[in-house]
Amino acid sequence: MALSTQPYKGARDFYPEDKRLQKYIFDKWRKISERFGYEEYDAPILEPTDLYLSKGNQEIIDEQTYTFQDRGGRSVTIRTEMTPTVSRMVAGKRQELAYPVRWYSIPNLWRYERAQRGRLREFWQYNADIFGVEGVEAEHEIVLLTDQILKAFGAKPDMYVIQLSSRKLIDELFGNYLGLDNTQKETLIRLVDRMKKLPYESFVAQADAILSPSQRDAGALDKLLELLKTTDLSQLPEGFRSSPAVLGLQQLMDMLANSMVTNAVFDITLMRGFDYYTDIVFEVSDTDPENNRSMFGGGRYDGLVGLFGVDPVPVVGIAAGDVTMQNFLESHDLLPKQRPETDVSVVLAGANTYEKAQRVLAELREAGLNVAVDITGRKLDKQIKAAVKQGVPYAIFIGDAELASGQYKLRNLSDGTEEARSLERIVSLVKDYRKNKG
RNA sequence: GCGGAGGUAGCUCAGUUGGUAGAGCGCUAGGUUGUGGUCCUGGAUGUCGCGGGUUCGAGCCCCGUCCUUCGCCCCA
């Protein structure tokens, strides 16, 4: 029985052309993060299972993670997200770090789920967090960073929407305005989170079912439906418009407008699950209906670092998946053609040329060119065909005549032009080409 | 965990009421013993996902199973 050539379910092989694409995306993430003063960090792919038990429930551990016992009987889990890990790392050096701490990473994460569009079992996730800032300037910086990343890929504002809301505000509205208890709030948050997927009548019926008879008599359902139509902070019920949560959101939106971020909107239906977020939350969605999964998600989580037994640290963070990012870039035709790293394929002619050519090869490599040599000894047309198929931009011919004269034929493999040049000239021509192609 | 669609050449796919397997692209050899893409001529494509069943006979029908994909659930 032959072995299967397929990669593990929900995971991908990265052939060189796939890896090139991944490198393109990661390079942009890194470059823009570093431009904002963020430093890269990483951590082990395995964590003690306890790290994820603190907030998530046992069911998520059992059904949606890769969890197993190591040989010492410890329960370990392959990391499913980076936020608990980075919180652990900051807590571990709580006293010695210089705040604000600005960190980013691009870990691979594993979740045990059914794969579908935009969601696989193994994926890479960009994470950026700023620790130690209580003011809304932290949210502004993180959202601006996100916006700059998208613009660095060539995205136009009509290709994506930045949605903003506040968990604190939702808590006030659902609690004080609608009069719900904590269990009702939690159920309603999950329901509103799915609102766009449900037929409206179905949503209304399920919302009604959450309410108690007395809440119904008080008109809570109508108040909720009216509330969910809100598209602007000024439309919120009187008495809530000047709460700290609303003022913070308004300040953030004003700051973003001043930073030329034109597509940030208040979205009251944005919930981001029921997890560690404490106040402002945000998501970035693709406007292409094919890609209905959010690309970026984040918010403020001031309580997590304190779980490690140190004084709490305020944090705002954002994360983005590589799969949804790639879907976005493909949908909007924002992916440039990726070229191989190899600049030149050397075609050898004649007997024992490989040995005679070593000095020339060393010189080209010393000068900084990426040089592959065809060492198969086949006919020249085969050598050229292979170089073209590999996507290499140039071929250099080396044979006795060239070695004697010091003039080598440099062939441009995309248009077929060919000229004899000195090595020095070849190096500068190829370097110019590489610079222009980016 | 649940549901839809699909698995035939390296790739994209066709295959009639069940009658021994096809196209395009790609691959390969030559026309060209130091030069690719166009052109001409020849060649090889295969456990029809896998296992069983029905039948004289199965790529096609039935059962099971694995895999891919889209959605539901979930989404930290």
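Using atom C1' as the reference point in both B:C40 and B:G4, the two lie 49 Å apart (nearest Å). B:U69 and B:G37: their C1' atoms are spaced 35 Å apart (whole Å). A distance of about 24 Å separates the P atoms of B:U16 and B:U54, rounded to the whole Å. Taking atom C1' in both B:A9 and B:A14, the straight-line distance is 13 Å, to the nearest Å. Using P as the reference atom, B:C39 and B:A5 are 42 Å apart when rounded to the nearest Å. If you take atom C1' in B:G26 and the same atom in B:G46, they sit 16 Å apart, rounded to whole Å. For the P atoms, the distance linking B:C67 with B:C25 amounts to 36 Å, nearest Å. Comparing the C1' positions of B:G57 and B:G64 gives a spacing of 23 Å, expressed to the nearest Å.
When all heavy atoms are compared, the tightest approach of A:Asp129 to A:Gly317 is OD1-CA, 3.1 Å. Across A:Phe308 and A:Ala91, no two heavy atoms sit closer than the pair CB-CB, 3.5 Å. Scanning both residues, A:Asp13 and A:Thr5, for their nearest heavy atoms gives OD2-O, 4.3 Å.
Rounded to an integer number of Å, the gap from A:Arg114 CZ to B:C73 P is 14 Å. Separating the CZ atom of A:Arg79 from the P atom of B:C75 is a distance of 22 Å, rounded to the nearest angstrom. Across the protein-nucleic acid pair, A:Asp50 atom CG and B:A76 atom P stand 21 Å apart, rounded to whole Å. When rounded to the nearest whole Å, the span between CD of A:Glu290 and P of B:C70 equals 11 Å. Here the P atom of nucleotide B:A76 and the OH atom of A:Tyr66 are 18 Å apart, to the nearest Å. Regarding A:Leu109, its CG atom lies at a distance of 17 Å from the P atom of B:C75, rounded to whole Å. Counting to the nearest Å, the P atom of B:C75 and the OH atom of A:Tyr277 are 13 Å from each other. Residue A:Leu120 contributes atom CG, which lies 12 Å from atom C1' of B:U68 at whole-angstrom precision.
In this structure, the ring of A:Tyr104 has its center no less than 6.0 angstrom from the ring center of A:Tyr38. Between A:Phe282 and A:Phe296, the gap from one ring centroid to the other reaches at least 6.0 Å. Ring centers of A:Trp29 and A:Tyr24: at least 6.0 Å apart, outside the cut-off.
Closest approach to the A:Arg111 side chain among B:C72, B:C75, B:U68 is made by B:C75 (side chain taken as heavy atoms from C-beta onward).
By the ring pair (Phe, Tyr, Trp, His ring centres under 6.0 Å) test, A:Tyr112 is found to be paired with A:Tyr66, residues two or more places apart in sequence or in another chain being considered.
Atom NZ of A:Lys196 is surrounded by more than 12 heavy atoms from other residues, nucleotides or ligands within 6.0 Å.
Where A:Arg117 and A:Gly10 meet RNA chain B, the nucleotide closest to each residue was compared, and A:Gly10 sits on the side nearer the 5' end. Comparing A:Tyr8 and A:Leu198 by the nucleotide of RNA chain B that holds the closest heavy atom to each, the one mapping nearer the 5' end is A:Tyr8.
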| said: Walk along nucleotides 26-37 of chain B from 5' to 3' and tag each nucleotide B, S or - by protein heavy-atom contact under 4.0 Å, base first, then sugar-phosphate. | reply: -S-SS---BBBB
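Nucleic acid contact class of A:Arg194 (heavy atoms, under 4.0 Å, all strands): sugar-phosphate only. Counting non-hydrogen atoms under 4.0 angstrom, A:Gln64 reaches a base of the nucleic acid.
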| message | As a check on the pairing definition, encode RNA chain B in dot-bracket form, counting Watson-Crick and G-U wobble pairs whose two distances are under 3.5 Å, and using | for partners outside this strand. | response | (((((((..((((.....[..)))).(((((.......))))).....(((((..]....))))))))))))....
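Counted by atom type alone, A:Glu122 and A:Asn108 present one or more donor-acceptor pairs between their side chains at under 3.5 Å.
Within the structure, a side-chain polar atom (N or O) of A:Arg190 is placed less than 4.0 Å from OP1 or OP2 of B:C75. Phosphate proximity of B:C72 to A:Gln116: present, with a side-chain N or O under 4.0 Å from OP1 or OP2.
In the interface, the side chain of A:Arg119 is paired with the base of B:C74 through a donor and an acceptor atom under 3.5 Å apart.
The residues A:Glu172 and A:Arg167 are annotated as not salt-bridged, no charged nitrogen and carboxylate oxygen being separated by less than 4.0 angstrom. A:Asp147 has a carboxylate O that lies under 4.0 Å from a charged side-chain N of A:Lys151, or vice versa, which qualifies the two as a salt bridge.
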